[in-house]
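Remarks on the structure that follows.
Only a predicted model underlies this, so the values are computations on that prediction, with no experimental measurement involved. Below, all heavy atoms of this structure are taken into account, side chains as well, without hydrogens, waters or symmetry copies. Lettering of chains follows the sequences in order, A, B, ..., and the numbering in each one begins at 1.
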Amino acid sequence: MKYDKVVTTTAWSPGPGCHGGCGVKLFVRDDKVVRVEGDENHPFSQGRACPRLLALTQYMYHPERITHPLKRVGPRGSGEFVRISWDEALDTIEARLREIKDDYGPESVLFCQGTGRDIGGPISFLAYSYGSPNWIQLGLAGHSCYTPRLGAMMATQGDYAVLDAAQFSPQRYDDPEYRVPEVIVIWAQNPAPGCPDGFFGHWIVDCMKRGSKLIVIDPRWTWFSAKAEMFLQIRPGTDGALALAMINVIISEKLYDEKFVSEWTVGLDELRERAAEYTPRRVAEITWIPEADIIAAARMYAKAKPAAIHWGVPVDKSPEGTTVAQAINHLWCLTGNLDVPGGNVIARPAYGVTTYPFSTQEMHALYGEDFVNRLNEKRIGAKEYAMVRNFRGWAQPDVAVEQMISGEPYPIKACWIQTSNVLGGQAADTRLHHEALKKMDFVVVADLFHNPTTMAVADIVLPVASLAEKESFRSWWAPLQVITPAVQVGECRSDWEINFELAKRFNPELGKRFPTLKDLFDDRLKPTGMSYDELRDAGGWMMPPENSASRPYRRHERGLLRPDGKPGFRTPSGKIEFASQSYAQWGLDPLPYFSEPPESEVRTPELLAKYPLVMVSGRRSSVFFHSEHRNIPWLRECDPDPIVEIHPSVAKANGIEDGAWVTIENDRGAIRRKAKVTPIVHPRIVSVPHGWWLPETEGREPNLFGIWDVNCNVLVPMGTQSKSGYGGGAYKTTLVRVRAAEGRGE
Amino acid sequence: MARFGIGIDIEKCTGCHSCFLACKDEFVGNDHLPTAAAQPHGGHSWIRVKEVEQGSGTKVKVDYVPVLCQHCNSLACAKVAPEGAVYRRADGIVIIDPVKAKGCKAMVDACPYGVVYWNQDADLPQKCTMCAHMLDAGEKTTRCAEVCPTGALVFGDLDDVTSPVSRMLAEKAGKLEALKPEFGTGPSVCYSGLPKVFIAGEVLFSNRGSECASGVKVVLKDATGKKIEETLTDCFGDFTFRDLETNEGYVVNVEHVGYAPLELAVRAFASQNLGELVLKAK
């Protein structure tokens with residue numbers, strides 16, 4: 001086959017949908033992408049591609065893709081939209097948002113995004129240019145996705161850390177300094193189908209091939225747990241107790257790294273005392289994991305050198321997620337596995353380049369402390385929640401949805417929704433969000449396809465470019481890399497283009513400082529000494545330079561982590577803090593602790609009598625990214641039905657046969673799913689994959705592509721957030737019952 | 001002349017479906033004559049990934065088995081096809097001729113592996129071609145092998161000891177097997193680690209609380225009492241006998257000094273977790 005050109009670029013966002021990072025080759029013929037392959041010269045993915053990337057052509061050229069701006073002409077929910085020009089769309093949006101700003105203040109507009117895609121930059125620049133502090137993952141209860149872990153890591157060691165798969169070295173596993181982890185703890189994650197938070201899941205398989213042994217912690221058997229030395233089948237939401245029991249074993253048996261702990265940490269005595277409350281025997285009762293297994297796992301992890309922990313989003317979704325993350329973080333600090341080859345290495349973006357100011361520290365640097373303080377005054381949840389105020393510039397979603405309905409303390413009038421299908425995706429208590437969004441005077445959705453959210457509430461829909469059609473860059477840990485356009489589809493524009501254009505209209509200063517988007521990119525890339533074009537022409541990616549703050553290992557010894565250049569960590573004490581001064585300052589318990597899920601056998605036994613099963617949502621599928629891809633035929637063929645995984649004993653007791661439709665219900669409602677009877681789930685849980693809507697069914701109200709029938713988040717509550725404001729969304733711990741569904745047609 | 005083959009190491013397959021997608025990317029809407037007409041948009045799985053989850057409780061195994069045309073030596077599909085509609089090339093690749101096979105729906109049912117698909121619009125039976133058009137153009141591998149993220153599926157020349165498939169076959173020597181050898185068709189696709197039934201359990205001592213009974217001898221015998229295998233329980237008191245014959249009768253013996261021996265008859269109609277086996281102190 002002949003191609004006009006082959007474009008090498010970075011996979012991120014529209015297309016595979018995910019957190020990205022893979023090197024990809026796009027084969028173009030007649031201005032169309034006709035073939036997709038992994039880029040074998042790219043250090044991140046080393047030639048590999050996933051199903052969603054391989055289905056890119058079907059995604060890009062889907063007959064139902066939105067390829068020009070739309071304006072709603074019928075009532076909301078009617079699905080009646082007409083084509084408009086970009087000028088009309090942007091002029092309308094600008095005019096309506098200006099009116100709202102004049103009447104109610106800029107804070108009355110929420111800028112809503114989905115998970116970690118190529119969006120943080122575009123949307124935060126737009127929100128702040130408009131003047132709204134309310135940048136938010138609307139619907140994500142407790143903002144329970146990585147932010148809690150990031151907050152805990154920042155508080156504990158002043159930096160983030162990830163499992164070391166040599167991802168910061170251009171030589172990868174062949175780097176002479178690198179060592180493969182002797183033991184990997186996979187804590188609540190299924191790496192192969194879900195590449196979380198800038199981590200390529202197959203790196204774990206790479207390590208297994210090189211000898212890593214696994215400890216897997218999960219309520220559900222996966223390919224990885226079936227291959228693990230130890231599999232701890234945990235009660236959902238009790239990860240904090242398990243971590244504390246492991247800490248207890250490691251400290252009381254003196255399995256911790258005494259030299260590292262005495263040199264680089266503070267607070268061991270306090271932690272010892274706290275962990276002593278969590279004996280393996282007591283924690284065995286809490287977690288459903290046998291006492292002997294808890295002890296054995298703690299010993300196996302602590303004795304291995306090096307050992308690393310790879311964790312997943314259920315940590316955030318545990319009750320008091322920020323304290324659960326803190327406890328797990330303590331494990332790699334106690335054992336001296338921080339920033340050593342094959343341990344958990346400190347993760348900073350290459351060259352310190354970020355697409356957007358990420359933490360409060362960076363916000364201060366870019367916008368100035370005054371502006372950030374003013375934002376905090378109005379940011380939803382910042383008054384009530386210390387970490388919302390002090391760690392990261394998100395508004396708090398549980399408080400926000402209440403405010404959308406109550407109008408207190410100030411009204412919310414509009415939503416800008418981008419990279420997020422709120423109603424078909426992350427929103428817990430879907431009905432509440434439906435009601436709240438319906439109250440908005442104005443809603444803009446930027447997306448690639450119609451979905452339950454566009455159908456229910458969009459007034460204007462903007463067509464977004466896929467990764468193959470956009471210019472952007474990615475700086476999530478390493479490498480620092482560019483995204484290069486290969487083709488144009490319809491009138492689609494990238495999230496960056498759309499938002500930059502509008503941001504300049506609201507904030508002409510921005511336009512003066514950065515006349516073009518490239519100017520803004522170049523400014524962000526300044527620490528590299530290269531421009532966007534230079535980076536692109538140099539091959540498109542760069543690993544962090546040696547002997548820099550963004551390149552492992554042992555940076556604390558070399559004075560590379562602290563602003564003052566002294567050895568140690570970027571914490572108030574300069575050490576790793578087992579008892580966190582930051583937590584204490586924020587009015588939180590400085591030490592980790594365990595809290596029962598909001599609904600559980602211990603906290604609500606009366607509810608358990610009625611709803612005896614724990615619904616765990618969120619199992620990953622290699623062919624879907626959250627609520628995306630149900631409309632991509634090749635992908636849907638691999639995972640065709642909205643299923644519920646039920647243990648054979650539960651199925652038998654409830655008269656449910658494999659493949660039959662079942663009703664899953666609690667006091668918040670009922671949904672239906674197709675039973676998959678399987679031994680991989682614990683008999684006291686049901687696993688209900690999230691993000692399901694049925695694009696093949698009616699999109700207009702009231703059906704909204706079947707969300708009331710199949711979306712499991714209908715059953716999940718809001719308002720269960722942690723004391724810190726981050727963590728605690730009950731997506732993994734909601735109690736339900738199942739029964740055979742009556743007369744379900746296909 | 002090369003002799004092509006595919007090797008599949010089940011141990012490494014994570015069930016990601018990338019092979020299925022790469023096949024779609026290569027063949028859907030693309031004619032690659034004379035070896036393949038375009039694959040239709042839906043309904044065909046020239047390579048599909050079968051999920052096998054077995055066992056119960058604390059003894060569960062999760063495997064994925066990619067299934068594609070086995071490029072057999074003895075062609076069940078050819079038996080129902082007109083002359084020349086199916087042929088095996090000198091390099092071992094079995095091709096359904098996209099012209100001569102028109103209308104021959106019988107091939108779909110004739111394949112015991114169920115990997116021949118009917119293209120309604122083209123009136124044509126279709127299947128995996130081992131990406132013959134790419135190999136003929138000088139490429140070194142198939143799309144499915146190229147895209148496999150873990151190296152579970154490898155391709156190459158069976159006569160070249162340095163090819164990926166030869167290397168895998170050498171590494172797995174003695175552990176290689178055909179998918180459904182009972183079909184007797186002589187496949188060119190070779191597997192290692194196909195999921196089989198297993199018998200597993202956990203041994204406890206009646207008088208030692210929750211302590212794990214490690215180092216306990218467990219013996220597996222066939223139905224006539226002949227010893228097949230013996231093992232010692234691990235540090236958790238667990239044991240597993242793998243790769244057993246489906247539907248056979250077995251006997252499991254557990255013995256330890258100072259305890260009464262246990263004997264259990266087991267029929268392996270599916271993988272069995274015998275659960276907790278408590279040894280009573282004498």
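- Between chain B and the residues Asp293(A), Val36(A), Asp639(A), Val623(A), the most heavy-atom pairs under 4.5 angstrom are made by Val36(A).
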Inset, instruction - Kindly determine whether Arg143(B) and Arg35(A) satisfy side-chain contact (heavy atoms from CB on, under 4.5 Å), including the steps that lead there. - result: CA-CA 11 Å; Arg143(B) 286 299 301 274; Arg35(A) 176 181 171 127; 3.6 Å; yes
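- Looking only at distances, no side-chain donor or acceptor of Trp221(A) sits under 3.5 Å from a matching main-chain atom of Lys59(B).
- Checking side-chain atoms of Lys227(A) against main-chain N and O of Lys12(B) turns up no donor-acceptor pair under 3.5 Å.
- Counting heavy-atom pairs closer than 4.5 Å to chain B, the top residue among Gly47(A), Pro290(A), Ser621(A), Ser622(A) is Ser622(A).
- In terms of heavy-atom pairs under 4.5 Å with chain A, the best-connected choice from Ala22(B), Pro149(B), Gly43(B) is Pro149(B).
- Closest non-hydrogen pair, Pro51(A) versus His17(B), comes out as CG-C, 4.1 Å.
- With a 4.5 angstrom heavy-atom cutoff, Cys19(B) does not touch chain A via any of its atoms.
- Using a 4.5 Å heavy-atom threshold, the side chains of Val28(B) and Trp634(A) count as touching.
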Inset, instruction - Starting from the C-alpha separation in whole Å, work towards a yes-or-no answer on side-chain contact (heavy atoms from CB on, under 4.5 Å) for Leu635(A) and Leu21(B). - result: CA-CA 8 Å; Leu635(A) 297 173; Leu21(B) 267 299; 3.9 Å; yes
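- Note: Glu146(B) leads His133(B), Glu146(B), Lys61(B), Met134(B) in heavy-atom pairs under 4.5 Å with chain A.
- Counting heavy atoms from C-beta outward, Glu637(A) and Ser45(B) have side chains that approach closer than 4.5 Å.
- Most heavy-atom pairs under 4.5 Å with chain B, from the set Lys209(A), Arg52(A), Gln233(A), Met208(A): that is Lys209(A).
- Atom SG in Cys16(B) sits 10.5 Å away from atom CZ in Arg48(A) (nearest 0.5 Å).
- Within residues 48-58 of chain B, the residues having any heavy atom less than 4.5 Å from a heavy atom of chain A are, in residue-number order, Glu51(B), Glu53(B), Gln54(B), Gly55(B), Ser56(B), Gly57(B), Thr58(B).
- You'll find the side chain of Thr150(B) stays beyond 4.5 Å of the side chain of Asp206(A), heavy atoms only.
- In this structure, no portion of Ser225(A) lies under 4.5 Å from any heavy atom of chain B.
- Interface with chain B: from residues 677-686 of chain A, residues Thr678(A), Pro679(A), Ile680(A) qualify, criterion being any non-hydrogen pair under 4.5 Å.
- Under a cut-off of 6.0 angstrom, the local environment of CD in Glu245(B) is sparse, with at most 12 non-hydrogen atoms contributed by other residues, nucleotides or ligands.
- Contact count versus chain B (heavy atoms, under 4.5 Å) is highest, among Ala226(A), Cys638(A), Ala296(A), Ala55(A), for Cys638(A).
- Counting heavy atoms from C-beta outward, Leu54(A) and Val147(B) have side chains that approach closer than 4.5 Å.
- Options Val62(B), Asp238(B), Asn273(B) differ in how many heavy-atom pairs under 4.5 Å they form with chain A, and the most are formed by Val62(B).
- Between chain B and the residues Gln46(A), Met230(A), Arg636(A), Glu40(A), the largest count of heavy-atom pairs under 4.5 Å involves Met230(A).
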